[in-house]
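One structure is given below, encoded as structure tokens.
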Amino acid sequence: MTPPLPARTRVAPSPTGDPHVGTAYQAIFDLACARQTGGQFVLRIEDTDQARQVEGSEQQIYDTLAWLGLSPDESPEVGGPAGPYRQSERLPEYAAVAQQLLDAGHAYHCWCTPERLADLRKQQEASKQADTGYDRRCYGLTRDERAKLPGFSEKPVVRMLVPDDPPLTFTDLIRGEVACPRPDDQVILKADGFPTYHLAVVVDDHLMGITHTVRGEEWISSTPKHLLIYRWLGWDLPFFVHMPLLRNADKSKIAKRKNPAARLMWFRENGYLPEALVNFLSLLAYPPVHEGSDIQSFDELVASFDWGKFSTTGPVVDLGKLDWLNGAYIRALTDDELGARIVAYWDEVGQPVDAVEARRVVTQAAPIIKERLTTLRDAYPMVDFLLVDDDLLVIEDDAREALPEQTPQILAAAIKALGALPGDGFTAETAEAALRASLVDGLGLKPRVAFNPVRTAISGRKVSPPLFESMAILGQARTLARLQSLK
RNA sequence: GUCCCCAUCGUCCAGUGGCCUAGGACCCAGCCCUUUCAAGGCUGUAACGGCGGUUCGAAUCCGCUUGGGGAUACCA
């Protein structure tokens, strides 16, 4: 089913902590839908729960979406014709609609205290009653009538009056016909004057001209509440899309407590490339654009995007494929770009290096580390030996222990062979040729044995990027100094 | 408890009644390449939860069952 053009989609996170990976997951497809149809992608901030607001998290939402290249066309940050885009700034709109529903008899005031509601709930659960829910104690009563009864609160909320025939099915773009439970007399306007999600989402999606109400699967069961409000207000329904829920390895809904990768920032902190992450997320519950390959750009996704291709099963977020994708994206970078990204990453995570020198060395080393990197985070331990002063190079214990017994002779021969090279002719090729002639042919050693001490002298480690290229980056003098030092 | 959603290799997807002795990607294993580690190439292991239907024929349709998930808030 292809919806009409152009689409206006929206992502609506709550600023209640570090941005959630689910926000990016939804944003990818929202944006794809909007771009494909020439529409707009809107960011709305759902800050209706005053108690849960976290300072700075709204800014983090902007930052992470920008980092991913998923910046909205309209948002509190950049503005737009349908603002304000922050729900806390739209209170009059919600109050007006609530009053309208009150006047029409579709909603009523409720003065019950939270304590009474909690008791009621406890009783219902204990009695094994099939349906739990509000008992309509306040329905039909005036304030003064209700005040005489126990469990009275001075500040009322507004509840919706669910009729006997509420809509219990709707059409979902990726699921088709969906059935859902009969709603309770849900609170739509809280005692503090803020709306609940149910009122706010309907009012905002309508007023902002949103064509696709995209959200997580957990909202299916409350959709009848929204359908009811649309009906009462006589507003046209948007397309509903309930995306499958991202899962932990144990299949539960992905959460920050269980899974560090539930935090969007985690990927950035750990050296993942945003384009790789977008690629990875676009593969969850959604088939790859190209047969036989999982590598695809966002533009390719846009070109072939279709809500109907979604799978309805909640995918486990398994980082194995992301690691591979990230490596593939790193390998595709130019040396210069990789150097720039690595140094920028070090700057972000506070790795203390001289930026200019580091950029020069890392760009030089790019060809030899590129195919060894999974994330940008892997770069530092791979090239730190190229950045450290010769006399500060640490020889790791396991490398020292693995040194063959002929080490002194090998190092002596290596120093002699490399020292004999002309200063302007010291390259990876000449160094390799000289060492092979001297150590492998001359001393009759296996390459594996012959180059072991040399590698340790140069890098301080048993495992390092390619040896001869590393020596070329260090240069003849520093190479000789390190060989001498270990000897 | 009640309601809703979901069900193919370890993971992510393909498969919409015959092209399926179920295909791809990642992971894993083996081999090749090789100065270490990678990358790359080749090969391989591995799944339709179960039971009943419908049909000439079912991974695909239906029912039941089992399993997982979600919702049942003045949180979203």
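A, B, ... follow the sequence lines: proteins, then strands. Residue 1 opens every chain. Below, all heavy atoms of this structure are taken into account, side chains as well, without hydrogens, waters or symmetry copies.
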Could you tell me whether [X] contacts a base, only the sugar-phosphate backbone, or nothing, with contacts defined as non-hydrogen atoms closer than 4.0 Å?
{"X": "A/Ala191", "result": "base"}
{"X": "A/Glu46", "result": "sugar-phosphate"}
{"X": "A/Ser464", "result": "base"}
{"X": "A/Phe468", "result": "base"}
{"X": "A/Val316", "result": "sugar-phosphate"}
{"X": "A/Ser459", "result": "nothing"}
{"X": "A/Arg461", "result": "nothing"}
{"X": "A/Pro13", "result": "nothing"}
{"X": "A/Arg52", "result": "base"}
{"X": "A/Leu467", "result": "base"}

Before we go on, tell me: are the rings of [X] and [Y] under 6.0 Å apart, centre to centre?
{"X": "A/Phe468", "Y": "A/Phe451", "value": "yes"}
{"X": "A/Phe29", "Y": "A/His212", "value": "no"}
{"X": "A/Phe239", "Y": "A/Trp307", "value": "no"}

Query raised in the report: Rounding to the closest angstrom, what is the interatomic distance between B/A46 and B/A39 at atom P?
Result: 25 Å
Query raised in the report: What integer number of Å spans the P atoms of B/G68 and B/C28?
Result: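 Approximately 29 Å lies between the P atom of B/G68 and that of B/C28.
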So, is [X] near the phosphate of [N], with a side-chain N or O under 4.0 Å from OP1 or OP2?
{"X": "A/Arg247", "N": "B/C6", "answer": "no"}
{"X": "A/Arg159", "N": "B/C74", "answer": "yes"}
{"X": "A/Arg182", "N": "B/C3", "answer": "no"}
{"X": "A/Ser252", "N": "B/G70", "answer": "no"}
{"X": "A/Lys253", "N": "B/A71", "answer": "yes"}
{"X": "A/Lys321", "N": "B/C28", "answer": "no"}
{"X": "A/Arg436", "N": "B/U35", "answer": "yes"}
{"X": "A/Lys309", "N": "B/A14", "answer": "no"}

Query raised in the report: Has the side chain of A/Asp184 got a donor or acceptor atom that lies under 3.5 Å from a matching backbone atom of A/Tyr134?
Result: yes
Query raised in the report: Is the backbone N or O of A/Gln53 less than 3.5 Å from a side-chain atom of A/Ser57, with the two atoms forming a donor-acceptor pair by type?
Result: no
Nucleotide of [options] approaching [X] most closely (side-chain heavy atoms):
{"X": "A/Val187", "options": "B/C74, B/U36, B/G69", "result": "B/C74"}
{"X": "A/Val178", "options": "B/C5, B/A39, B/A7", "result": "B/C5"}
{"X": "A/Thr48", "options": "B/A76, B/U35, B/C5", "result": "B/A76"}
{"X": "A/Ile220", "options": "B/U36, B/G68, B/C5", "result": "B/C5"}
{"X": "A/Lys251", "options": "B/C74, B/U11, B/C26", "result": "B/U11"}
{"X": "A/Glu371", "options": "B/A39, B/A76, B/G24", "result": "B/A39"}
{"X": "A/Gln186", "options": "B/A73, B/U35, B/C26", "result": "B/A73"}

Whole-Å gap separating [atom2] ([N]) and [atom1] ([X]):
{"X": "A/Leu246", "N": "B/C5", "atom1": "CG", "atom2": "P", "result": "21 Å"}
{"X": "A/Tyr197", "N": "B/C75", "atom1": "OH", "atom2": "C1'", "result": "12 Å"}
{"X": "A/Glu154", "N": "B/C74", "atom1": "CD", "atom2": "C1'", "result": "16 Å"}
{"X": "A/Leu284", "N": "B/A14", "atom1": "CG", "atom2": "P", "result": "12 Å"}
{"X": "A/Lys122", "N": "B/U72", "atom1": "NZ", "atom2": "C1'", "result": "18 Å"}
{"X": "A/Asn248", "N": "B/G10", "atom1": "CG", "atom2": "C1'", "result": "17 Å"}
{"X": "A/Gln296", "N": "B/C26", "atom1": "CD", "atom2": "P", "result": "14 Å"}
{"X": "A/Tyr286", "N": "B/U11", "atom1": "OH", "atom2": "P", "result": "23 Å"}

Base paired to [N] (Watson-Crick or G-U; both N/O distances under 3.5 angstrom):
{"N": "B/C31", "answer": "B/G41"}
{"N": "B/C48", "answer": "none"}
{"N": "B/U72", "answer": "B/G1"}

Requested in this report: Using a cut-off of 6.0 Å, state whether more than 12 heavy atoms not belonging to A/Asp164 lie near its atom CG.
Outcome: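 It does not: A/Asp164 CG has 12 such atoms or fewer within range.
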**Report entry** Nearest-0.5 Å distance that lies between atom CZ in A/Phe310 and atom CZ in A/Arg175
**Finding:** 10.0 Å
Query raised in the report: For A/Lys190 and A/Pro287, take the nucleotide of RNA chain B holding the closest heavy atom to each; which residue's nucleotide lies nearer the 5' end?
Result: A/Pro287
Query - Residue mapping more 5' on RNA chain B - nearest nucleotide basis, A/Pro288 or A/Trp219 - result: A/Pro288
Query raised in the report: Has the side chain of A/Arg455 got a donor or acceptor atom sitting under 3.5 Å from an opposite partner on the base of B/U35?
Result: yes
Report task. Using a strict 4.0 Å threshold on nitrogen-to-oxygen distance, state whether A/Arg372 and A/Asp378 make a salt bridge. Result -> no
